[in-house]
Amino acid sequence: MESKQRILVTSALPYANGPIHLGHLAGAYLPADIFVRYHRLKGSDVIYICGSDEHGVPIMLRARAEGVSPQDIVDRYHELNKKSFAAFGMSFDFYGRTSSPVHHRTSQDFFRRLNEKNIFIVKKEKQLYDPEAKIFLADRFVRGTCPKCGYEDAYGDQCEKCGSSLSPADLIDPRSAITNAEPVMKETVHWYLPLARFQKKLEKWINEHQDWKPNVLGQIKSWFADGLKDRAVTRDLPWGVSIPEDIAREHGIDASGKVLYVWFDAPIGYISATIEWAEEKGDPDLWKAYWQDQSTRLIHFIGKDNIVFHCIIFPAMLMEHGDYVLPENVPANEFLNLEGNKLSTSRNYAVWLDDYLQKFEPDSLRYVLAGNLPETRDADFSWKDFQARHNNELADILGNFVNRTVTFAHKYFSGKVPPLGELDEMDRQLVEKIKTYPSRLGELIEKYQFKNYIREFMDLARFANKYFNDKEPWKTRKENPQACATTINLCLQTAKTLSIVAEPVLPFTARRIWKMLNVENSQTWDDATKLTLDDGAEIQPAEILFTKIEDDVIQKEIERLQQAGAPNEQKAVEKKETEMERISFDDFKKVELRVATILEAKKVEKADKLLQLQIDLGEEKRQIVAGIAQHYSPEELVGKRIIVVANLEPAKIRGVESNGMLLAASDSEGNLTLLTVDNEIANGSKIS
RNA sequence: GGCGGCGUAGCUCAGUCGGCUAGAGCAGUGGAAUCAUAAUCCACGUGUCCGGGGUUCGAGUCCCUGCGCCGCUACCA
């Protein structure tokens, strides 16, 4: 029909420190797989590349916490995710990983090339260095006392206790998280990608792509509006792709302990995985056709959190390198919520793919998810909806149509395709649908309108049921056997068409229908438009495609989720309590707690959380600032009796003097309530 | 507080460059049919398109503003 297109499709490399959940699938994986499967049926020259992103600090920290090596962590999740993706029907041509030697080499070559072209800015700067471990310390690897709250185990970038963001130099008594040695300031060198310099070029390029999704263009514009900032592409870390030694030497630097920053090497993973794919195919240069021939359509499927990397940073890298194609489109999706709430992996509030696959069929989730993708805005997944769509649409409309047709053919036409006779008006209408639907559905997929594709696909199945009903073959069987034969013939043809156009979203079901109809596994999209089943051809007995999902099964999943947040948090709290540091009574005596009454309260300008309070401490009146504006209004506070730390050293918060601190209790949900006293007692009373 | 996004039927969502009485599926009510997984098919919607202004011959769609929700960000619980 049309000339063969060469298409390279990628899905965001999942980070190998956890399993895959629904949000991932809806954002980057399922749409890409539908797109790719469609193009394969269309006969396009398409390959689909993905893999594990295995570098970066979180993986290191996790390895340390578990007392294993980073490689152990990534091995675990690489295997797990690869397996569950396969079981879900993700049809990657290659699923690589960024810890592979090919990837290390490819990223180093990429870096070397940009270095040769003098793209980078090399900056000398001073950073903390661990003299024992002989490595520079990333912010996260410096621990010390928080200058603001005095917490002794604050991270170099943030204090977990008081939440304030820090830089490692702020810490009092800093120490290395790895060896506990005292870090020293030492000069180091980092390579920066001068994005600011590329902004004009990038804007021009983006302007040529006004057909991209509005949500994607909107995000990009806001980055441009802020002005692009130069970004360091190297890091002093022991886990990652090392800086090529020759380049380090060029700058008189020791390359050891210096790696490419993970955001730099991860997208190059698409290229290295393609190279490995070509090697596996026994044609090592084959990858070049996909990455270096300008006629290739490169399409990145990602979630919205990844837009800046795929629409600005990676394209800038590719442009400056010079040998590669730039993405034709980046159809990023928004986020998927769960039962009306945000997903939270740390609270285990998510539906994990490997867990799902132990209980349900992959096609059910593929269908339900694809029908409710967050294409233009955040969407919501609920188990009740999942059950309804599975039962009402997959089982009742699609499954039942195939079943009633095949069963009928067996019962009254001895399991053979009955002959096609003369067509009446209704028959011709159905044939017309068979002819036109595939190209309409294909267009929708081409335009990344997957939800519309799903809806229209099911409309065709609905029409098929209506046709069956209106033709009443159970009556014509006696009155007009020829008409009956024609009806069943066309219903079988329609089942075949449905199976082909469903393949991108329901690959397993499609194959089961092909088996039932005794047709080859190598159907093409164009076959869907034709009546390819021959008169008299044998078909297999009917098989139930989708079994109904019962209420109690769904109820269990809902309950599991409802409990997921809470118990987990309790565990976290208990853990913290057992790890709690003990203090002496003398330490406690240092804190002077007193009862006070709030006299006045007003909001602090330009701060969401802060209230400025005047309090009566008995012998004196004072002003304090409290971060409780999101939980208490100024009016309701006046007259309240509170507990304050009276001897806290004064501080200025957003320009407002704070002379003391009130006490409040908060839970892990972020609920907050003030501490108060049980009975009347004078202001200024001491608490012990 | 700053920047960005969102607010359409009971529920989940469509509404392309502003243009005919604002749509789909589900749920609900009534009916037809009995080949089929009690499945199917048909009929039925007085929705302040969050509120208020404005631009326009015409606005769910564009502009301003208020409210509510979400994200990023700043701010000692």
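Every chain is numbered from 1, with letters handed out A, B, ... down the list of sequences.
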Enquirer: How is A/Lys384 classified with respect to the nucleic acid when contacts are heavy atoms under 4.0 Å: base, sugar-phosphate, or nothing?
Expert: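 Counting heavy atoms under 4.0 Å across all strands, no contact is made by A/Lys384.
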Enquirer: Mind checking the C1' distance from B/G66 to B/U29? Whole angstroms is fine.
Expert: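 So the two C1' atoms sit 40 Å from each other.
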Enquirer: Please determine if A/Lys342 forms a cation-pi arrangement with A/Tyr349, meaning its NZ or CZ atom is less than 6.0 Å from the six-membered ring centre and no more than 45° off the ring axis.
Expert: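 Pair A/Lys342/A/Tyr349 does not count as cation-pi.
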Enquirer: Can you say whether a donor on the side chain of A/Asn469 sits under 3.5 Å from an acceptor on the base of B/U40, or the other way round?
Expert: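 Checked by distance alone, the answer is yes.
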Enquirer: Quick test of your reading of the model: are A/Lys384 and A/Glu339 salt-bridged, counting only N-O distances below 4.0 Å?
Expert: no
Enquirer: Tell me whether the rings of A/Phe360 and A/Trp383 are parallel (<30°), tilted (30 to 60°) or perpendicular (>60°).
Expert: tilted
Enquirer: Please classify the nucleic acid contact of A/Ala379 as base, sugar-phosphate, or nothing, using heavy-atom distances under 4.0 Å.
Expert: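 Answer is sugar-phosphate: A/Ala379 comes under 4.0 Å of backbone atoms only.
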Enquirer: Just to be sure I understand the rule, does A/Thr376 reach a base, reach only the sugar-phosphate, or reach nothing, if contact means heavy atoms closer than 4.0 Å?
Expert: sugar-phosphate
Enquirer: NA contact type, A/Arg462, heavy-atom cut-off 4.0 Å: base, sugar-phosphate, or nothing?
Expert: sugar-phosphate
Enquirer: Distance between the C1' atoms of B/G15 and B/C20, in whole angstroms?
Expert: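 Going atom to atom, C1' in each nucleotide, I get 15 Å.
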Enquirer: Classify A/Lys451 by what it touches in the nucleic acid, base, sugar-phosphate, or nothing, heavy-atom distance under 4.0 Å.
Expert: sugar-phosphate
Enquirer: Taking the side chain of A/Phe408 as heavy atoms from C-beta outward, which of B/C35, B/A27, B/A36 is closest to it?
Expert: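 My answer, after comparing the listed nucleotides, is B/C35.
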Enquirer: Just by distance, do the side chain of A/Asn392 and the backbone of A/Ala388 share a donor-acceptor pair under 3.5 Å?
Expert: yes
Enquirer: Base, sugar-phosphate, or nothing for A/Phe468, non-hydrogen atoms under 4.0 angstrom?
Expert: base
Enquirer: Quick one: label A/Ile488 by what it contacts on the DNA or RNA (base, sugar-phosphate, nothing), any heavy atom closer than 4.0 Å.
Expert: nothing
Enquirer: For A/Met661, answer base if it contacts any base atom (sugar-phosphate contacts may also be present), sugar-phosphate if it contacts only those atoms, and nothing otherwise; contact means non-hydrogen atoms under 4.0 Å.
Expert: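 Answer is sugar-phosphate: A/Met661 comes under 4.0 Å of backbone atoms only.
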Enquirer: Categorize A/Phe546 for me: base, sugar-phosphate, or nothing, with a 4.0 angstrom heavy-atom threshold over every strand shown.
Expert: base
Enquirer: Between A/Arg389 and A/Asp396, does any side-chain N to carboxylate O distance fall below 4.0 Å?
Expert: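 No, this pair does not count.
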Enquirer: Just name whichever nucleotide pairs with B/G71, Watson-Crick or G-U, keeping both distances under 3.5 Å, else none.
Expert: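 Per the H-bond distance test, B/C3.
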Enquirer: Within the structure shown, what part of the strands sits under 4.0 Å from A/Val406 by heavy-atom distance: base, sugar-phosphate, or nothing?
Expert: nothing
Enquirer: Of the options B/A39, B/U37, B/A14, whose atoms approach the side-chain atoms of A/Asp396 most closely?
Expert: B/A39
Enquirer: Among the candidates B/A14, B/U12, B/C35, find the nucleotide nearest to the side-chain atoms of A/Asp380.
Expert: B/U12
Enquirer: I want to verify a distance call: between B/A14, B/A36, B/G25, whose nearest atom is closest to the A/Asn452 side chain?
Expert: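 That would be B/A14.
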Enquirer: Of the candidate nucleotides B/U37, B/C26, B/C42, which contains the atom at the shortest distance from the side chain of A/Ile544?
Expert: B/U37
Enquirer: Which one is paired to B/A33, where only Watson-Crick or G-U wobble pairs with both distances under 3.5 angstrom count?
Expert: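 Check on B/A33: unpaired, no WC or wobble geometry under 3.5 Å.
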Enquirer: Reckon A/Glu393 touches a base, only the sugar-phosphate, or nothing at all at heavy-atom distances under 4.0 Å?
Expert: sugar-phosphate
Enquirer: Could you work out which one of B/U12, B/U34, B/U37 sits closest to the side chain of A/Lys475?
Expert: B/U34
Enquirer: Measuring from the side chain of A/Lys548 (C-beta onward, heavy atoms only), which nucleotide among B/A39, B/A33, B/C26 has the closest atom?
Expert: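 For the A/Lys548 side chain, the nearest candidate turns out to be B/A39.
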Enquirer: Would you measure the distance from the P atom in B/C62 across to the matching atom in B/G47 and give it in whole Å?
Expert: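 About 23 Å, rounded to a whole number of Å.
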